[in-house]
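Scroll down for the structure; my scribbles are underneath it.
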Amino acid sequence: MTFDDAPTGRVLTRREVVALLGLAGAGLLVPRGAGAQAPECVVRPQQTEGPFYVDERLERSDIRSDPRSGEIRPGVPLALAFAVSAIRGGGCAPLAGAVVDVWHCDALGAYSDVGGATAGQTFLRGHQVTDAAGTAKFTTIYPGAYPGRAVHIHFKVRTEPGAARGHEFTSQIYFDDALTDEVHARTPYARRGQRRVRNDADGLFRRGGHHLLLSVTRDGAGYTGTFPLALTL
């Protein structure tokens, strides 16, 4: 198996974000005033796309199944949302119309459409376009693990895809190890029977992963979480 490669990009400091906004303080980094709907302006580090990205051009919110067979990949439900904003023109505002791609392995560590038994399948892949609030939502499962990597989800955000001056941001989402211990003790994850790589033993996580952790809450039999992300355009 080919493993994910080295990361790119870096984390901007709070001072650098303030400088980008042209502010004397951090007023636009958080909602201002009662009832304000300003986005969380959180700048994240980029990380590698890895070897398993396939541009399937598959627009859908529920990415659990392979559209050809209709078979849903088993696993603990995860409702994942992205809250995408843009830093430009002296402020931070929701970014509408951006394409958010998501792809990750199944409960047993397999990616779709990368050859072998999963060639031509497209489970756990898809994209959504951010709405007026900069939000893109996905229904998926908690990812499994495979050799060499901590548990993660890949994502890519593209503005004006195909345009000469479009912007592309690629990174990964990670999970708290204690939560993954709990999830991976359940079926079908436990069938793998191998101890996974924990976050701090993953070379990519050690270079920015603490800024890419997804905070989740329990939601019935599964979990839900929103990942805020600000792009400097």
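Keep in mind the model is a prediction, meaning the values are calculated, not measured.
Partners of Tyr174 by ring pair (Phe, Tyr, Trp, His ring centres under 6.0 Å), not counting sequence neighbours, listed by chain and number: Phe205. Evaluation of the ring pair (Phe, Tyr, Trp, His ring centres under 6.0 Å) rule for Tyr142 yields Phe175 as partners, not counting sequence neighbours. Glu59 is linked by a salt bridge (charged side-chain N to carboxylate O under 4.0 Å, His left out) to nothing, counting only residues two or more places apart in sequence or in another chain. Residues passing the salt bridge (charged side-chain N to carboxylate O under 4.0 Å, His left out) test with Asp113, sequence neighbours excluded: none. The side-chain hydrogen bond (donor to acceptor under 3.5 Å, both in side chains) search around Arg198 returns Asp181, not counting sequence neighbours. Considering only residues two or more places apart in sequence or on other chains, Ser112 meets the side-chain hydrogen bond (donor to acceptor under 3.5 Å, both in side chains) condition with Arg125. In this structure Glu168 satisfies the salt bridge (charged side-chain N to carboxylate O under 4.0 Å, His left out) test together with Lys156, sequence neighbours excluded. Taking Asp62 as the reference, Arg64 meet the salt bridge (charged side-chain N to carboxylate O under 4.0 Å, His left out) condition, with sequence neighbours excluded. For Asn199, there are no side-chain hydrogen bond (donor to acceptor under 3.5 Å, both in side chains) partners, not counting sequence neighbours.
Under the 4.5 Å side-chain criterion, counting only non-hydrogen atoms from C-beta, Ile87 is in contact with Val43. In this structure, Pro94 and Val84 have side chains that are not in contact, with every pair of non-hydrogen atoms separated by 4.5 Å or more. For the pair Val54/Tyr111, no side-chain contact is recorded, criterion being any heavy-atom separation below 4.5 Å from C-beta on. By the 4.5 Å heavy-atom criterion applied to side chains, Leu80 and Ile153 are counted as neighbours.
Using a distance-only test at 3.5 Å, with no hydrogens or angles considered, no donor-acceptor pair links the side chain of Arg73 to the main chain of Asp106. A donor-acceptor pair is defined here as one N or O able to donate and one able to accept, closer than 3.5 Å; no such pair exists between the side chain of Thr135 and the backbone of Ala83. Side chain of Ser65 to backbone of Gly70: no donor-acceptor contact under 3.5 angstrom is found.
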Item to complete: Go through Arg196 and Asp202 one step at a time and tell me if the salt bridge (charged side-chain N to carboxylate O under 4.0 Å, His left out) criterion holds.
Response: CA-CA 10 Å; Arg196 70 179 194 279; Asp202 184 313; over 6 Å; no

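Pairs passing the ring pair (Phe, Tyr, Trp, His ring centres under 6.0 Å) check and including a residue from residues 87-107, sequence neighbours excluded, read Tyr53-Trp103, Trp103-His154. The side chain to side chain donor-acceptor pair (under 3.5 Å) pairs that include a residue from residues 90-102 are Asp101-Arg158, where partners are two or more places apart or lie in different chains. Judged as a salt bridge (charged side-chain N to carboxylate O under 4.0 Å, His left out), the pairs with a partner in residues 211-220 (not counting sequence neighbours) are, in order, Glu182-Arg218.
Residue Ser85 comes nearest to Cys41 through the heavy atom pair OG-CA, 4.2 Å, listed as atom of the first residue, atom of the second, then distance. A pairwise comparison of heavy atoms in Ala145 and Val151 identifies CB-CG2, 4.0 Å as the closest pair. What you find for Ser61 and Lys137 is that their closest heavy atoms are OG-O, 2.8 Å.
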